[in-house]
Amino acid sequence: MKLRKLFYTTLSTPEILDFRKTAMIYSFSWIFDGKNLYLVVSYNPVTIAKVSQIDHELKVEAYSEQKTITKSELSEKIEITLGLNEKIEEFYEKIREDPLLKYVPTALRGARLRSVDLWTGIVTAICQQNASFKQGWTMLYNLYRKTGRTFRVENHDVLILPTPNQVLEIKPDTLKECKLGYRSQTLVEVAKVLESGDLEEDPLYQDPYSAEKILKKIKGIGQYSARLTLVLSLREYALPPIDRWTTRLVQEAYGLESRSFKTVEKAIKTRWGKWAGLGVFFLTVVLDAVPLSKALLRLRKGELKPRADAKELTPLTLWKKL
DNA sequence: TGCCAGGCGGGGT
DNA sequence: ACCCCGCATGGC
């Protein structure tokens with residue numbers, strides 16, 4: 001399906017913005033092509049923004065099945081998606097000397113988190129459960145490729161995930177081909193909940209504690225997945241998603257006696273404050289999301305910058321590989 | 001082969 | 001409250 005161009009607008013950028021890195025991090029090839037970032041702005045009607053940087057502005061072109069969005073609505077959407085209004089210098093101030101994140105303000109200066117919609121966020125989190133980074137991103141890739149829909153923006157194909165309703169229609173064999181294993185049941189659970197309209201979205205946007213509680217009601221969504229979803233889709237950083245990987249790295253870096261959840265959470269909140277969730281996100285980027293044993297070796301050697309030359313699959317090279 | 005990986009829920013204390 | 005186990009699947 002080819003989308004029609006509606007209009008374009010421009011957006012002024014904050015002083016600290018590295019558009020290229022922001023666009024690259026954890027993006028598949030259909031999201032970033034090396035120059036343009038393709039963002040799903042709406043599912044109904046499907047509307048995609050093509051974003052590129054020209055001098056000190058962002059050029060934002062809207063493509064859609066139907067004209068319903070206005071220039072100001074689009075601008076606001078892009079600002080939120082790219083976190084252009086976040087005072088990232090406050091975060092940098094907190095982590096300037098941090099044993100885990102000290103290179104974020106330099107090596108990744110201006111990189112922001114590219115947020116996604118709630119549904120895409122939950123699906124992403126499910127794929128990260130009890131699997132390596134590589135396996136998790138392969139699962140998500142399979143879902144897009146085998147069950148997603150393609151929309152053409154000029155000469156570029158943009159994939160979007162099936163809607164919850166569409167997930168419930170996928171044949172079991174097709175879902176199995178995506179290699180989610182037992183996680184596919186959770187995917188179906190989430191699709192059912194979103195489709196039923198039972199998910200109370202309002203409290204999700206009010207305080208993070210009730211948001212976490214609401215998401216955890218879904219069978220298969222625990223604390224980690226709930227919090228990761230909040231980070232990825234609502235830019236809610238107060239509650240850090242803590243997994244085995246983060247736990248061990250934080251324990252080692254800060255010399256914690258215990259690696260209990262409470263101890264690790266407290267250490268993270270103390271160091272990174274209200275930016276805790278963003279800190280966990282960037283921790284995976286600076287360590288190229290390598291498996292735990294390798295990550296620990298890198299920490300001991302002080303190799304806490306992402307490898308620019310990486311030939312492997314990393315958060316920064318995903319767009320070239322998948 | 002066997003074990004582990006950005007978890008999770010259920011059943012045992 | 002905790003502790004422990006099984007759960008698909010792929011990679012080593």
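A quick note: this is a predicted structure, and the numbers were derived from the prediction, not measured. The sequence lines fix the lettering, A, B, ..., with proteins before strands; numbering per chain opens at 1.
Using a 30° and 60° split on the angle between ring planes, A:Trp272 and A:Tyr254 fall in the perpendicular class, above 60°. Ring planes of A:Tyr141 and A:Trp30: tilted class, angle from 30 to 60°. The aromatic rings of A:Phe32 and A:Phe19 lie perpendicular to each other, with more than 60° between the two planes, well past the 30° mark.
As rounded to whole Å, 15 Å separates atom C1' of B:dG7 from atom CG of A:Leu292. Remark: C1' of B:dC8 and CG of A:Leu215 are 15 Å apart, rounded to the nearest angstrom. Atom CE in A:Met139 sits roughly 12 Å away from atom C1' in C:dG11 (whole-Å rounding). Rounded to whole angstrom, the span from the CD atom of A:Gln128 across to the C1' atom of C:dG10 amounts to 15 Å. Here the P atom of nucleotide B:dG6 and the CG atom of A:Leu140 are 17 Å apart, to the nearest Å. Following rounding to the nearest Å, A:Leu187 (CG) and B:dC8 (P) show an atom-to-atom distance of 15 Å. The distance from atom CD of A:Gln135 to atom P of C:dC12 is 11 Å, rounded to the nearest whole Å. Going from atom CD of A:Gln185 over to atom P of B:dG10 covers 12 Å, rounded to whole Å.
Taking 4.0 angstrom as the limit, A:Ser225 places none of its side-chain polar atoms (N or O) nearer than this to OP1 or OP2 of B:dG6. In this model, the phosphate group of C:dA8 is not approached by any side-chain N or O of A:Lys179 to a distance below 4.0 Å at OP1 or OP2.
Residue-to-nucleotide proximity on DNA chain B shows that, of A:Trp137 and A:Ile221, the 5′-proximal contact is made by A:Trp137. Closest-nucleotide positions on DNA chain C for A:Lys134 and A:Gln129 were compared, and the one nearer the 5' end corresponds to A:Gln129.
For B:dG9, the base has no donor-acceptor partner in the side chain of A:Tyr182 [N/O atoms by modelled type, under 3.5 angstrom]. Contact of A:Tyr26 with B:dG6 (side chain to base): a donor-acceptor pair of N or O atoms is detected under 3.5 Å.
When distances are taken from the side chain of A:Ala289 to each of B:dG6, B:dG10, C:dT9, the shortest belongs to B:dG6.
Between the C1' atoms of B:dG6 and C:dC2, the separation comes to 23 Å (whole Å). For the C1' atoms, the distance linking B:dC3 with C:dC5 amounts to 15 Å, nearest Å.
The aromatic ring centres of A:Tyr63 and A:Phe151 sit 6.0 Å or more apart.
In summary, A:Glu265 and A:Lys262 engage in a salt bridge, as defined by a charged side-chain N under 4.0 Å from a carboxylate O.
Within residues 240-261 of chain A, no residue approaches DNA chain C, by heavy-atom distance under 4.0 Å.
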List, one per line, each side-chain donor-acceptor pair under 3.5 Å for residues 117-128 of chain A, sequence neighbours excluded.
from, atom 1, to, atom 2, distance (Å)
A:Asp117, OD1, A:Tyr43, OH, 3.0
A:Asp117, OD1, A:Thr120, OG1, 2.7
A:Asp117, OD2, A:Trp119, N, 3.3
A:Asp117, OD2, A:Thr120, N, 3.0
A:Asp117, OD2, A:Thr120, OG1, 3.1
A:Trp119, NE1, A:Pro162, O, 2.8
A:Thr120, OG1, A:Tyr43, OH, 3.2
A:Thr124, OG1, A:Thr120, O, 2.6

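Using modelled atom types, no side-chain atom of A:Glu57 and backbone atom of A:Lys59 make a donor-acceptor pair closer than 3.5 Å.
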Audit row: A:Arg112, A:Glu86, salt bridge (charged side-chain N to carboxylate O under 4.0 Å, His left out) steps and yes/no: CA-CA 9 Å; A:Arg112 316 257 173 166; A:Glu86 279 178 5; 5.3 Å; no
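The residue A:Leu180 sits apart from the nucleic acid: no heavy atom pair falls under 4.0 Å. Residue-level contact check: A:Lys176 touches the backbone only, with heavy atoms under 4.0 Å from sugar-phosphate atoms and none from bases. Within 4.0 Å (heavy atoms only), A:Gly222 reaches sugar-phosphate atoms of the nucleic acid but no base atom.
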